[in-house]
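Working notes, structure below.
What you see is a predicted model; the values in this text were computed from it and never measured. Quick note: residue numbers are just sequence positions, from 1.
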Amino acid sequence: MTLLNEDFLLTNDPAKTLYHDYAENMPIIDYHCHLEPKDIYENKNYPNITRLWLNDGSLGDHYKWRLERANGVPEDLITGDGDEYQKFLAWAGTIEKSIGNPLYEWTHLELKRFFGIDEPLTTKSAPAIWKKANELVQSEAFKPRNLIKNMNVKVVCTTDDPASDLHYHKLIREDEAENGFKVLPAMRPDNLVRINQGDFGAYLKKLGDVAGVEITDYDSLVKALDNRFKFFTEMGGRLSDHGLNSYHYRKISKDEFNQILAKAAKDNTQLTDAEVDGYTTLLLEELMRLNKQYDFTMQYHMNVLRNANGPMFRKLGADAGFDSMGSEPGIAGEMMKLLSDMAEENNIPKTILFSTNPNDWLELATGMQSFQGDVKQKLQLGCAWWFNDTREGMHDQLRIMAQQSLLPNFVGMLTDSRSFLSYPRHEYFRRVLCDLIGEWVVRGQVPDDYAYLGQIVQDISYNNAKNYFGFFK
């Protein structure tokens, strides 16, 4: 069997039929990624495959960097200013040892789908692959917009601070008809939520300036956020995204909130854990109201241990490969308290719940069922995220979503990536999805009605996301 043949991951005949006849050619909606709108707008070719694939600014791929460190690659050939050909050779030497890791399969899918290279990347094959890939990288097809368009992507949702002026989104929007796809902002207010990190006073001023509101208390903060939701909506925004590394529900009054806000604006290093919890809870509840008011979908990305290696964090900053799965006890239960409080006023927006820790998935999936209603699949268990982006992780998430809710309503996969070459992850997901449903057919759990099952597969691949988020209203 050749590497990544046409039936890769498809272990039964029903799966092969479902994938090739129904899933394979569906368009892509990438509703959560970390591509930079500036890179999409400028639409420049990258000088070589190393810069496109491994570490060019916003495209730095910390999934790859983690493996290279495990293989003893020196840091100057990972994030440093080492020779770019030597960096590529170092990656080849790492990837040939990565069998069983999803990066082995993703790497070869990307080589095959974008470059037409159908051989394993090894230290031996690397020189020839470097030469062929670099010839293609300079072509028109490898400009960022064409990389998106040629993968049949219809919507890309980037990750944008509420204080952003969305300058490049405005420019991209002028070319939308020509591009054939939408690039839309998704609001990510982490700098506002994480009150005890960074220069919070300076951030409040920045947010207030762009919103046209002097933020001094709860009411002025809500007014500023409302202005930003209006602006993001005008720019086509349909989602928000919230990183909750940890969370503890604690309800406080507006007066208490105002005191905490004033204290944080002066010196957020003096905040207590209880103050952080109270501030976060009241802020999230207001964000839930605004998400529902503007018909946004609210995504929660939870339970991450970030920047565990202190010296390397200080040297390289965040998102450089020093994060891991969190073990926050009871975070799913704390989220249920938040949802229960907002159910009292019927202000739960469409919501997707992600956790890096699969131990949270069953609790989240069963808990969210207590708050369904009004909207089809109002609450969803998010796709297998980050460290769970594996065949087994995707399989388990799909199984839990099916067993505890309604899998045919699921909005499917996203890339969560900084790379223009990551779209084959949607193919990977679709193959796993079809293989799982194919297993059910083989065991007689569902009928071998391919029109029925094929529609489900197509809905999860594309149609559900299109309809749920309302990108084309």
Next on the checklist: Evaluate Phe469 against Tyr31 for ring pair (Phe, Tyr, Trp, His ring centres under 6.0 Å), listing each step before the verdict.
Outcome noted: CA-CA 9 Å; Phe469 299 120; Tyr31 59 89; 4.9 Å; yes
Item to check | Stacked cation flag Lys350 on Tyr468, 6.0 angstrom / 45 deg | outcome: yes
Item to check | Test salt bridge (charged side-chain N to carboxylate O under 4.0 Å, His left out) applied to Asp341 and Lys251, step by step | outcome: CA-CA 9 Å; Asp341 198 27; Lys251 192 67 177 285; 2.8 Å; yes
Checklist entry - Does some side-chain heavy atom of Ser405 sit less than 4.5 Å from a side-chain heavy atom of Phe410? => result no
Next on the checklist: Could you check whether any side-chain heavy atom of Ile352 comes within less than 4.5 Å of a side-chain heavy atom of Met298, counting everything from C-beta outward?
Outcome noted: no
Checklist entry - Looking only at side chains, do Thr158 and Asp160 share a donor and an acceptor under 3.5 Å apart? => result yes
Item to check | Closest non-hydrogen atom pair between Glu105 and Tyr428, with its separation | outcome: OE1-OH, 2.8 Å
Next on the checklist: Between the side chains of Arg431 and Asp7, is the shortest nitrogen-to-carboxylate-oxygen separation below 4.0 Å, so that they form an ion pair?
Outcome noted: no
Next on the checklist: Please determine whether a side-chain nitrogen of the Lys or Arg among Asp165 and Lys170 lies less than 4.0 Å from a carboxylate oxygen of the Asp or Glu.
Outcome noted: no
Next on the checklist: Ignoring hydrogens, what is the shortest heavy-atom contact between Thr107 and Leu103? Give both atom names and the distance.
Outcome noted: OG1-O, 2.7 Å
Checklist entry - Is any side-chain N of the basic residue among Glu176 and Lys182 closer than 4.0 Å to the acidic one's carboxylate O? => result yes
Checklist entry - Between Phe313 and Phe322, is a ring pair (Phe, Tyr, Trp, His ring centres under 6.0 Å) present by the stated rule, with each step listed? => result CA-CA 7 Å; Phe313 170 62; Phe322 304 104; 8.9 Å; no
Item to check | Atom of Trp440, atom of Ala402 and distance for their closest heavy-atom approach | outcome: CH2-CB, 3.8 Å
Checklist entry - Do Thr351 and Thr297 have side chains that get closer than 4.5 Å, going by heavy atoms? => result no
Checklist entry - Taking atom types as modelled and ignoring hydrogens, do the side chains of Asn303 and Asp360 form a donor-acceptor contact shorter than 3.5 angstrom? => result yes
Item to check | For Tyr41 against Arg145, the heavy-atom pair lying closest together | outcome: O-NH2, 2.8 Å
Next on the checklist: Quick one, Lys97 and Tyr104 - any side-chain contact, counting heavy atoms below 4.5 Å?
Outcome noted: no
Checklist entry - Considering only heavy atoms from C-beta outward, does the side chain of Gln380 approach that of Lys378 to under 4.5 Å? => result no
Checklist entry - Is Lys337 salt-bridged to Glu334, going by a charged N under 4.0 Å from an acidic O? => result yes
Checklist entry - Does the ring of Tyr63 carry Arg425 above it, NZ/CZ under 6.0 angstrom from centre and within 45° of its axis? => result yes
Next on the checklist: Is any side-chain heavy atom of Leu121 closer than 4.5 Å to one of Glu96?
Outcome noted: no
Next on the checklist: Evaluate Glu345 against Arg289 for salt bridge (charged side-chain N to carboxylate O under 4.0 Å, His left out), listing each step before the verdict.
Outcome noted: CA-CA 9 Å; Glu345 57 183 76; Arg289 295 184 188 101; 2.6 Å; yes
Checklist entry - With a distance cut-off below 6.0 Å to the six-membered ring centre and an angular limit of 45° from the axis, does Arg51 pair with Tyr46 as a cation-pi contact? => result no
Next on the checklist: side chain to side chain donor-acceptor pair (under 3.5 Å), that's the test. Do Ser419 and Asp61 meet it? Break it down for me.
Outcome noted: CA-CA 7 Å; Ser419 172; Asp61 193 335; 5.4 Å; no
Next on the checklist: Other residues, nucleotides and ligands only: do more than 12 of their heavy atoms fall within 6.0 Å of CG on Asp273?
Outcome noted: no
Next on the checklist: Do the side chains of Glu42 and Lys38 get close enough for a salt bridge, i.e. N-O under 4.0 angstrom?
Outcome noted: yes
Item to check | Test applied, side chain to side chain contact (heavy atoms under 4.5 Å, CB included); reference residue, Gln293; option that passes from Asp226, Thr233, Asn347 | outcome: Asp226
Item to check | N-O pairing of Arg113 and Glu110 below 4.0 Å | outcome: no
Checklist entry - Yes or no on salt bridge (charged side-chain N to carboxylate O under 4.0 Å, His left out) for Glu24 and Arg430, after CA distance, side-chain angles and deciding distance? => result CA-CA 8 Å; Glu24 186 171 10; Arg430 292 173 185 183; over 6 Å; no
Next on the checklist: For a side chain to side chain donor-acceptor pair (under 3.5 Å) check, start with the C-alpha distance between Tyr22 and Ser461, then their side-chain angles and the critical distance, and finish with the verdict.
Outcome noted: CA-CA 9 Å; Tyr22 295 95; Ser461 297; over 6 Å; no
Checklist entry - Under 30°, 30 to 60°, or over 60°: which ring-plane class applies to Phe115 and Phe142, parallel, tilted or perpendicular? => result tilted
Next on the checklist: Please find the pair of heavy atoms, one from Arg228 and one from Ser164, that lie closest to each other, and give the distance.
Outcome noted: NH2-O, 2.7 Å
